[in-house]
Amino acid sequence: MDAKTTYVLRLADTCLIHSQRLSEWAGHAPVLEEDLALANIALDLLGQARALLTHAGQLEGAGRDEDQLAFLREERDYRNIILVELPNAAASPSDGGGGRDFALTTLRNAAMAIWLELLFDRLQTSLDNELAGIAAKSLKEVRYHRQHSSDWVVRLGDGTDESRARMQAALNVLWPYFNELFAADGVDGVGPAWDELEDEWRARWATLMQEATLTLPRESAMQPRGIDGIHSEHMGHMLATMQFLQRSYPGGTW
Amino acid sequence: MNLSAARAKLAAVPDPEIPAVSLVELGIVRDLRETASGVEVVLTPTYSGCPATELIADDVRAALAEFGDVTVTMQRAPAWSTDWITPEGREKLQQYGIVPPQCSAEQAIRIVPRLRCPRCDSSSTQQLSRFGSTACKSTWRCIECLEPFEYFKPI
């Protein structure tokens, strides 16, 4: 797979897996409005992933469409960052068994939305016209995601002792995984190296954390490499759920 | 080929999720042109994940079937904007109980609007969530008449 296809696939898979994880909230959010919001954000991300996967399939030139890429690859073939595949309850092993931690989801959504906003903004001027078109469209959507999730981060961080403690716990768990947001190489004319986003992302994140009265953990040396197909133990379980229908009923549609 | 007849047919196709407005009033129809064997319609999807996109294409094909082969082409760029909703479309949204966008997409990045309740016209309203029953709307409530209502988000 050439560098250009890999570049697009890393972004496509990141949107896809982020969406899949987020969709686990459907019917379980703390309030109805949030149920709708999380489902809508997941849907936007899924739409972005579909366009990006279709484009990656065309760049690859092996005749694979969005469905084949989404449902018929093996774990090691996925190029998403590990941050988005972590379970929704990664920060709270004793969450009562529900498997969902709203603090962690909220914090991850904000981190991803700020990052996607910076990346899509730059990709608008990509010499790859299709990618530029997808980015311009997606940018409008992630702005709403960023506003919404940032509001919640501040509300919960600068909230009660309980909500603040849970947000801080979530931040401590997610923090080392943020390093991968800046780990991918760029491709000339296609898109920037992700580390070009780092200064601006960290500045905006620091501002948000200050407003939310959360404390940034110490720098971590961890270098997650989901973008090379080296995933966490959670990825395979997630794919089992995601791919089950298509693998049991190949080519099935409705 | 009577292209104006085809245009009239197309103008009558409602949006499947907000049937009060047509696809043309919603500003998602870019072009209607004649082809060798029928017509081609160029549409711009509203949101990347809008689940109605396929249904809209089917509705357009059905409405124009009498004009021969109907080709529906999706054009992503330039990205759809609520700035393209027609004045008639805005009026119909308002009457349907959905407040139409109150500012341009560019302004929406910076400001949260003050809305008037579409039922009682009170300006005492409150945003409940930036998201609603569909991706294109946010959820509000009126503090005066206590009814919830939706706002078509500028994008």
Side-chain angles (χ1 to χ4, degrees), chain A residues 12 15-16 19 22-23 29-55 66 109 113 116-117 120-121 123-124 126 128-152 253-254, chain B residues 17 27-28 30 42-58 73-85 101 103-113 126-141 148-155:
Chain A
C15 289
L16 176 71
S19 170
L22 212 44
S23 69
V31 290
L32 180 61
E33 288 78 9
E34 232 15 61
D35 214 294
L36 293 173
L38 293 175
N40 270 309
I41 293 171
L43 197 57
D44 281 343
L45 289 163
L46 186 62
Q48 294 158 11
R50 288 183 62 181
L52 291 164
L53 283 172
T54 298
H55 188 45
E66 51 174 320
N109 285 353
L116 284 171
E117 192 178 4
F120 282 137
D121 187 30
L123 288 176
Q124 286 188 101
S126 171
D128 178 333
N129 286 333
E130 180 68 9
L131 188 57
I134 296 168
K137 173 121 209 84
S138 306
L139 177 63
K140 288 164 167 263
E141 295 160 355
V142 299
R143 276 184 189 138
Y144 276 103
H145 305 174
R146 190 256 304 153
Q147 289 172 337
H148 185 76
S149 51
S150 300
D151 279 358
W152 269 110
T253 56
W254 69 54
Chain B
E17 283 184 338
I28 69 172
R30 297 273 71 70
V42 182
L43 302 176
T44 305
T46 54
Y47 278 72
S48 301
C50 180
T53 307
E54 279 88 10
L55 186 59
I56 288 172
D58 286 348
T73 308
M74 289 292 173
Q75 177 185 310
R76 191 177 291 111
W80 179 78
S81 166
T82 43
D83 298 349
W84 297 349
I85 301 177
C103 63
S104 72
E106 275 307 307
Q107 291 169 318
I109 300 168
R110 295 182 300 276
I111 55 172
V112 175
Q126 183 181 36
Q127 180 177 264
L128 292 177
S129 173
R130 277 195 183 79
F131 297 86
S133 58
T134 60
C136 55
K137 290 173 284 184
S138 56
T139 312
W140 289 64
R141 74 172 160 196
F149 65 94
E150 290 186 306
Y151 174 48
F152 209 111
K153 293 184 286 199
I155 194 169

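Per chain, numbering begins at 1; letters A, B, ... match sequence-line order. Worth knowing before you read on, the calculation uses all heavy atoms, side chains too, and leaves out hydrogens, waters and symmetry mates.
Judged as a salt bridge (Lys or Arg N to Asp or Glu O under 4.0 Å), the pairs with a partner in residues 44-56 of chain B (not counting sequence neighbours) are, in order, Arg50(A)-Glu54(B).
Arg141(B) is linked by a side-chain contact (heavy atoms from CB on, under 4.5 Å) to Gln126(B), Leu128(B), counting only residues two or more places apart in sequence or in another chain.
Neither the backbone nor the side chain of Thr44(B) comes within less than 4.5 Å of any heavy atom of chain A. Neither the backbone nor the side chain of Ser138(B) comes within less than 4.5 Å of any heavy atom in chain A. With a 4.5 angstrom heavy-atom cutoff, Leu43(A) touches chain B via backbone and side-chain atoms both. Looking at Leu45(A), there are no atoms closer than 4.5 Å to chain B (heavy atoms on both sides), in backbone or side chain. In this structure, chain B has no heavy atom under 4.5 Å from any part of Asn129(A). Both the backbone and the side chain of Pro154(B) come within less than 4.5 Å of a heavy atom in chain A.
Looking at heavy atoms from C-beta onward, Pro78(B) lies out of side-chain contact with Lys137(A) at the 4.5 angstrom threshold.
Contact count against chain B (heavy-atom pairs under 4.5 Å) is highest for Ala37(A) among Ala37(A), Ala132(A), Gly133(A), Ala42(A). Per-residue heavy-atom pair counts under 4.5 Å with chain A were compared for Ser81(B), Gly49(B), Cys50(B), and the maximum is reached by Gly49(B).
A side-chain donor-acceptor contact under 3.5 Å links Ser48(B) and Glu141(A).
Of all heavy-atom pairs between Ala135(B) and Asp44(A), the closest is CB-OD1, 4.0 Å.
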May I have the step-by-step check of side chain to side chain contact (heavy atoms under 4.5 Å, CB included) for Arg130(B) and His145(A), ending in yes or no?
-> CA-CA 9 Å; Arg130(B) 277 195 183 79; His145(A) 305 174; over 6 Å; no
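A perpendicular orientation is assigned to the rings of Phe131(B) and Tyr144(A), their planes being inclined by more than 60° (bins at 30° and 60°).
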